[in-house]
Number of protein chains: 2
Amino acid sequence: MSNITIKEIAKALGLSVSSISKALNDSYEISDETKKRVVEYAKLNNYRPNRLAKSLKGGQSNTIGIVVCSINNIFVSQILDGIQKASYETDYDIVIMQSNEDVNREKESIEALLKKGVDGILLAPVSENSNTEYLADVNENICPIVLFDRFNLSLKTTKIGVNESKGIMQALQHLIRIDRKKILFITGDQFGEENSRINSYKKALKTLDIPFNPKFMLSCNLGNNDLIDQQISESIKNLMKSSIKPNAIFGATDVITIRTLGILAQMKIKVPDEIAVIGFSNFDMPNSLNPSLSTIRQPTQEIGFLALKKLINLLATQQHKRRALHETILLDTSIELRKSTNL
Amino acid sequence: MSNITIKEIAKALGLSVSSISKALNDSYEISDETKKRVVEYAKLNNYRPNRLAKSLKGGQSNTIGIVVCSINNIFVSQILDGIQKASYETDYDIVIMQSNEDVNREKESIEALLKKGVDGILLAPVSENSNTEYLADVNENICPIVLFDRFNLSLKTTKIGVNESKGIMQALQHLIRIDRKKILFITGDQFGEENSRINSYKKALKTLDIPFNPKFMLSCNLGNNDLIDQQISESIKNLMKSSIKPNAIFGATDVITIRTLGILAQMKIKVPDEIAVIGFSNFDMPNSLNPSLSTIRQPTQEIGFLALKKLINLLATQQHKRRALHETILLDTSIELRKSTNL
DNA sequence: TTGTATGCGTTATCAC
DNA sequence: GTGATAACGCATACAA
């Protein structure tokens, strides 16, 4: 309701508005004495500069918008944490939006951010080609966008992610080492049949001379957890009855990999004896899982941290020079071996 | 960089700024024809109303600020999800800040929000009496604050949380039922020795005629996971060597309870045979844990949802009438039994 | 060293 | 049915 303004300070102190403004901004034009008087009065009365007004005037809001699929996701929330950490070192603050894996909502989220006047956007796209022209337009004409996690390949901008091929290779090589080549690969279906993780997987198989069997790949709908469970358990049940039983499972995401453990436990399938399990996961309590989970870990904090830093960099650069700064950074994953692949 | 304004539309269409504004706001003063012309032009040119300006003019930002300890926390992120869901049904959007369990940062976060001109604040306080006078001042004079999860008891406002006593009672009664009365209670130390969860626990013990043994209570520093592990495992190790071995563990938070499972697994202590485990937890994949975890589940989504709704309600009410709306809502927890307490 | 005037994008009041 | 103008809070170019 209240919140004192510069104008009121001016009236109270018998000075002009502009003098107050200058005093508060420590301008050389104002005498030390006046400054002191103003600053003291301001502090005493809890003066809070109105950022809306400042932004409106200055043409920049010092706010970064972020769009992720869902806050409520281990992987995402770790990245957000990294972004927040990076933001502490800057003057920028953060507004988070959720796309809920929905292309339209992704666009709505960005629109909301633009109306708020964000200076730049950090986006983990819903899919590899969602809103392509729209994003390009925004990135060119409104404010810079930096992509992280998933890539919208055609968008010309800075991208931060992980080296999937390498991560997948790490996992597969380990499975080969423990002689588990009949691998069921479980992934999400958001990205169509030809997403980069699937492609990397196939390529890795080829490199390692493991034939790709379509029956050993399951794409499930990540939008609904019950559905995930259902799809996975059904698939496993069928495969275990078939002549070519899998002896390993490789999960493409956190949720998939961890849920798979639960399903196997309920089906009383022994891990790793009957089926070894490994997958991308950033759950920070892997030892509490049944059994402790071998994972391909992604440097989430670093992804978030870097993404913000790079965006800030772009913002500090004149628009026409930004293109030169565009880069794609693929961070290395690390493999952590635990009981789920330990014979 | 660009982003067309009302002024530019006016110039392009040979109309006045005010007419454009009215047309865009569907005012009855403007002819349908003109409206159509304006709206079409606006859409065509991706006109985005500048919310900063609107807020500055209107004196309200339609933004709600949220302060939580950490986004990167299962419990918190579920609540945030609930808040976001609730916000979809309103015109408000959300800005999230992290206090990182730090009283000063909590205050800084709120200051940042106030500078941004938020209309109201949703706060999960760092502790039961952090920033009391400050919060009271803000709540009285600047914008309403609604508390959730943890309570700052002295602040007169709406509070949304869970019925801890009842939840703890559920857990203890179950432990009694399976004849596990030698219970190690593990909690956080943020709130001092006399926080409400500890008090509720002691009271429940008394009601159930279980003597309270100070040796069977561990308060650990939730700020650092390695430290948590160290404190818990040391404590368990010592107790298992002593004459009065515990046969159950009750964890006060998500992190504590799940980490305890991991520690027990590594110590090769059998759950539930040697030690049963139950605790507050909202991890949504309890079946993947070792063993599947019995939990006291808190209705996180609902907490968030309600908190936002109640705040919106306050905002829709004249300030001097708000006091009448203040209420404290304690939602019921539910107990979910799984193997970790199943003999 | 201080004050005046102007504008950021929008809406509301009042006049035409 | 439309337009001119002031105001929201702040910063800045310019005047004094």
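Hydrogens, waters and symmetry mates play no part in the numbers below; they use all other heavy atoms, side chains included. So you know, we letter chains A, B, ... as the sequences are listed, proteins then strands, and number each from 1.
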Measure [atom1]/[X] against [atom2]/[N] and give the value in whole Å, please.
X: Lys116(B); N: dC10(D); atom1: NZ; atom2: P; result: 16 Å
X: Ile9(B); N: dG3(D); atom1: CD1; atom2: C1'; result: 17 Å
X: Lys11(A); N: dT2(C); atom1: NZ; atom2: P; result: 21 Å
X: Asp26(B); N: dG1(D); atom1: CG; atom2: C1'; result: 14 Å
X: Asn45(A); N: dG9(D); atom1: CG; atom2: P; result: 16 Å
X: Gln60(A); N: dC10(D); atom1: CD; atom2: C1'; result: 14 Å

Touch class at under 4.0 angstrom, heavy-atom based, for Thr34(A) against every strand present: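 Sugar-phosphate only.
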Any Ser16(A) side-chain nitrogen or oxygen under 4.0 Å from OP1 or OP2 of dG3(C):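 Answer yes for this pair, as a side-chain N or O of Ser16(A) is under 4.0 Å from OP1 or OP2.
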Ser31(B) vs dT2(D): side-chain N/O to OP1/OP2 distance below 4.0 Å: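 True: Ser31(B) side-chain N/O within range (under 4.0 Å) of dT2(D) OP1/OP2.
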Residue list, side chain to side chain contact (heavy atoms under 4.5 Å, CB included) with Leu330(A), at least two apart or on another chain: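 For Leu330(A) the side chain to side chain contact (heavy atoms under 4.5 Å, CB included) partners, ignoring immediate neighbours, are Phe151(A), Asn163(A), Thr328(A).
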Exceeds 12 heavy-atom contacts within 6.0 angstrom, atom NZ of Lys310(B):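 Counting neighbours around NZ of Lys310(B), 12 or fewer heavy atoms of other residues, nucleotides or ligands fall under 6.0 Å, so no.
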Side chain Ser87(A), main chain Gln84(A), donor-acceptor under 3.5 Å: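 Confirmed, Ser87(A) side chain pairs with Gln84(A) backbone.
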Polar side chain donor-acceptor pair, Glu108(A) to Tyr88(B), under 3.5 angstrom: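 Result is no, nothing qualifies.
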Sole residue of Arg322(B), Arg323(B), Lys156(B) in salt bridge (charged side-chain N to carboxylate O under 4.0 Å, His left out) with Glu140(B):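 Only match with Glu140(B) under salt bridge (charged side-chain N to carboxylate O under 4.0 Å, His left out): Arg323(B).
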Letter per nucleotide, 5' to 3', of nucleotides 9-16 of chain C [B base touched, S only sugar-phosphate touched, - untouched; heavy atoms, 4.0 Å]: BBBBBB--
Partner residues of Lys22(A) under the salt bridge (charged side-chain N to carboxylate O under 4.0 Å, His left out) criterion, sequence neighbours left out: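 Applying salt bridge (charged side-chain N to carboxylate O under 4.0 Å, His left out) to Lys22(A) gives Glu29(A).
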